[in-house]
Amino acid sequence: MFTNLGAATGKAGRYLGQTLRLMVGVPDYENYVAHMRRTHPDQTPMTYEEFFRERQDARYGGKKRLGCC
């Protein structure tokens with residue numbers, strides 16, 4: 001009984017952590033790597049730094065951004 005409770009608690013904690021990261025705009029690198037290994041095993045995942053920069057560019061427009069900043 002407690003084994004299932006522990007697993008459920010761990011899963012809930014991971015889900016909560018992922019939700020909080022998404023709420024503040026922090027990309028989820030571990031999820032990305034798991035997705036790449038599962039669905040694109042022939043491709044090498046980006047490094048954390050590459051992934052972070054790509055997510056920042058996607059969110060804020062990267063070098064294509066127009067405006068004062």
Side-chain angles (χ1 to χ4, degrees):
M1 178 175 164
F2 290 109
T3 303
N4 290 339
L5 179 61
T9 302
K11 187 174 182 179
R14 285 189 298 279
Y15 180 74
L16 178 61
Q18 179 183 15
T19 301
L20 292 173
R21 283 189 296 277
L22 290 172
M23 287 174 63
V24 296
V26 176
D28 192 353
Y29 181 70
E30 289 140 13
N31 239 4
Y32 158 74
V33 171
H35 165 79
M36 288 298 289
R37 289 186 177 146
R38 186 175 56 253
T39 58
H40 309 285
D42 57 320
Q43 297 177 16
T44 303
M46 291 182 272
T47 65
Y48 179 80
E49 291 77 15
E50 292 168 332
F51 174 78
F52 186 82
R53 173 58 54 202
E54 192 275 331
R55 292 288 80 219
Q56 290 291 307
D57 289 347
R59 182 172 183 175
Y60 298 112
K63 295 178 180 167
K64 300 174 198 160
R65 181 181 170 111
L66 299 175
C68 65
C69 302

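Model, not experiment: these values are computed from the prediction. Residue numbers run from 1 in the order of the sequence given.
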Practice task
Could I get the full list of side chain to side chain donor-acceptor pair (under 3.5 Å) partners for T39, not counting sequence neighbours?
Solution key: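 Result, side chain to side chain donor-acceptor pair (under 3.5 Å) vs T39: H35.
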
Practice task
List in chain and number order the residues that pass side chain to side chain donor-acceptor pair (under 3.5 Å) with E50, two or more places apart in sequence or in another chain; answer none if no residue qualifies.
Solution key: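 Scan of E50 (side chain to side chain donor-acceptor pair (under 3.5 Å), adjacent residues dropped) gives T47.
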
Practice task
Any chance you could measure L16, atom CG, to K11, atom NZ, to the nearest 0.5 Å?
Solution key: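 Spacing of CG (L16) from NZ (K11) equals 14.5 Å.
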
Problem - Gap separating the OH atom of Y32 from the CZ atom of F51, nearest 0.5 angstrom - result: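 Here the rounded value is 7.5 Å.
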
Practice task
Can you sort out the partners of E54 under side chain to side chain contact (heavy atoms under 4.5 Å, CB included), two or more places apart, ordered by chain and number?
Solution key: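 E54: side chain to side chain contact (heavy atoms under 4.5 Å, CB included) contacts with M46, A58.
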
